[in-house]
Amino acid sequence: MAWSMLFIAGLLEVGWAIGLKYTEGFTRLMPSVLTIACMIASVALLGLSLKTLPVGTAYAVWTGIGSVGTAILGIWLFGDPATALRIACIGLIVAGIIGLKVVA
């Protein structure tokens with residue numbers, strides 16, 4: 001159950017990171033409200049997962065999911081560069097997340 005909460009927390013981190021782009025500096029109400037809600041829910045689920053998961057592992061996986069998801073959506077939604085080196089680095093983050101899951 002803790003891993004499921006952590007995964008959802010990571011997805012919500014992607015939601016608030018991408019949401020920040022749409023808030024336009026928190027000048028747009030609805031995107032700002034949704035972004036803040038994702039922030040709160042993400043941290044809350046991370047906190048709940050820490051009841052049973054090691055803090056270093058959980059935090060690294062949480063930020064890794066957020067980083068990978070945000071980078072991929074940045075490429076897809078905003079036309080961020082999708083160079084081979086960038087994709088390889090995203091792959092390294094994914095490998096790290098998998099490695100932390102396996103050894104935890």
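Source: prediction; values computed, not measured.
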(request) Quickly, which of L73, I72, I75 forms a side-chain contact (heavy atoms from CB on, under 4.5 Å) with D80? Name it, please. (result) I75
(request) Mind listing the closest non-hydrogen atom pair of L53 and A58 along with its distance? (result) CB-CB, 4.2 Å
(message) Tell me whether I65 shares a hydrophobic cluster with Y59, the cluster being built from Ile, Leu, Val, Met, Phe, Trp, Tyr side chains joined at under 4.5 Å.
(response) yes
(request) Drop me the distance from M1's CE to S4's OG, to the nearest 0.5 angstrom. (result) 6.5 Å
(request) Mind listing the closest non-hydrogen atom pair of A2 and T52 along with its distance? (result) CB-OG1, 3.0 Å
(message) Hydrophobic cluster membership, with links at side-chain heavy-atom distances under 4.5 Å among I/L/V/M/F/W/Y: are Y22 and V14 in one?
(response) yes
(message) Looking at every non-hydrogen atom in both residues, tell me the closest pair between A71 and I90 and how far apart they are.
(response) CB-CD1, 3.7 Å
(message) Please report the interatomic distance CD1(I8) to CH2(W3), rounded to the nearest 0.5 Å.
(response) 14.0 Å
(message) Treating T70 as the side-chain partner and S67 as the backbone partner, does any N or O pair qualify as donor plus acceptor under 3.5 Å?
(response) no
(request) Supply the atom-to-atom distance I87 CD1 to L92 CG, rounded to the nearest 0.5 angstrom. (result) 11.5 Å
Taking only distance into account, with no hydrogens and no angle test, what donor-acceptor pairs under 3.5 Å do side-chain atoms of residues 97-104 form with protein atoms, sequence neighbours excluded?
none

(message) Hydrophobic cluster membership, with links at side-chain heavy-atom distances under 4.5 Å among I/L/V/M/F/W/Y: are F7 and I93 in one?
(response) yes
Using atom types as modelled, flag every donor-acceptor pair under 3.5 Å from a side chain in residues 29-50 to any protein atom, sequence neighbours excluded.
| unit_1 | atom_1 | unit_2 | atom_2 | d |
| --- | --- | --- | --- | --- |
| S32 | OG | R28 | O | 2.5 |
| T35 | OG1 | G19 | O | 3.4 |
| T35 | OG1 | P31 | O | 2.7 |
| S42 | OG | A9 | O | 2.8 |
| S42 | OG | W62 | NE1 | 2.9 |
| S49 | OG | L46 | O | 2.8 |

